[in-house]
Amino acid sequence: MLDILSRRNNLYAILLAILILVVSVAVKYINVLYWTPSRVSSELSEIYEEVEGIRPVSLRKAEFLIKWGEYRNSDGCSNAVHQSLFPSGTGFEDNVYVVSYPDSIEFPGLPAFRRQFRIEKPMG
């Protein structure tokens, strides 16, 4: 009788471990694909709001680069912004600022999911 109960407990423990693994992967997946890009986009918008009223666009872009550089080097920025790749040139493609950063999901025993994200903020 105790053998049957012990096997059930082992089965429940294995099922619980699998459930925890699935939930962990799902949370990390949502974080990588939705929450982090959303946070980076909102950080870009916050900085843009500070320079939104500046005219002409060339001066707005210059002021945005100054404020974005200060923000990126501060303790208040997200990890994705801090690890974002330095853009070639100024980071602008016409009047659109581009932030590019790598992110990944890595769990033991599962294939790694790596992706390069690209967030854009129009300046015009």
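FYI, side chains are in, hydrogens and waters are out, and symmetry mates aren't considered; it's all heavy atoms of this structure. As the structure is a computational prediction, the values presented were derived from the model and not from experiment.
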| said: For E120 versus V96, what's the shortest heavy-atom pair and its separation? | reply: CB-CG1, 3.6 Å
| message | Test of understanding: clusters of I, L, V, M, F, W, Y form through side-chain heavy atoms closer than 4.5 Å, transitively. Do L65 and V98 belong to the same one? | response | no
| request: Working to the nearest 0.5 Å, report the span between OG of S24 and CD1 of I105. | output: 11.5 Å
| task | Establish whether V99 and W35 are linked, either directly or via other cluster members, by ILVMFWY side-chain heavy-atom contacts under 4.5 Å. | result | yes
| query | Checking E43 side chain against V81 main chain: does a donor-acceptor pair fall under 3.5 Å? | reply | no
| field | Shortest non-hydrogen contact between Q116 and S100, atoms and distance | value | NE2-OG, 2.7 Å
| query | What is the ring orientation for Y101 with F117, classed by angle as parallel under 30°, tilted 30 to 60°, or perpendicular over 60°? | reply | parallel
| query | When you measure from the side chain of N31 to the backbone N and O of V27, does any donor-acceptor pair fall under 3.5 Å? | reply | no
| field | Between CD on residue E93 and CZ on residue R118, distance to nearest 0.5 Å | value | 4.0 Å
| query | Between I119 and Y34, is there a shared hydrophobic cluster once you connect ILVMFWY residues whose side-chain heavy atoms come closer than 4.5 Å? | reply | yes
| Residue pair L33 / R115, side-chain heavy-atom distance below 4.5 Å | yes
| message | Between L11 and L15, is there a side-chain heavy-atom distance shorter than 4.5 Å? | response | yes
| Least distance between heavy atoms, M123 atom then Y48 atom | O-OH, 3.4 Å
| Same apolar cluster (I L V M F W Y, side chains within < 4.5 Å links), V32/V25 | yes
| task | For R114 and S104, indicate whether the former's side chain and the latter's backbone hold a donor-acceptor pair under 3.5 Å. | result | no
| Sub-3.5 Å donor-acceptor pair from the side chain of R72 to the main-chain atoms of S84, do we have one? | yes
| Between NZ of K61 and CD1 of I54, what distance do you get to the nearest 0.5 Å? | 13.5 Å
| said: I'd like to know if the side chain of S41 and the backbone of P37 have a donor-acceptor N/O pair within less than 3.5 Å. | reply: no
| Path from I30 to L21 over hydrophobic side-chain contacts below 4.5 Å | yes
| Atom pair CZ (R60) and CG (N95), whose distance is rounded to the nearest 0.5 Å | 8.0 Å
| note | Heavy-atom nearest pair, D103 first then K28, reads OD1-NZ, 4.4 Å
| Using 30° and 60° as the class limits, which term best fits the ring planes of F64 and W68: parallel, tilted or perpendicular? | parallel
| task | Compare every heavy atom of Y97 with every heavy atom of T90, then report the nearest pair and how far apart it is. | result | O-CE1, 3.5 Å
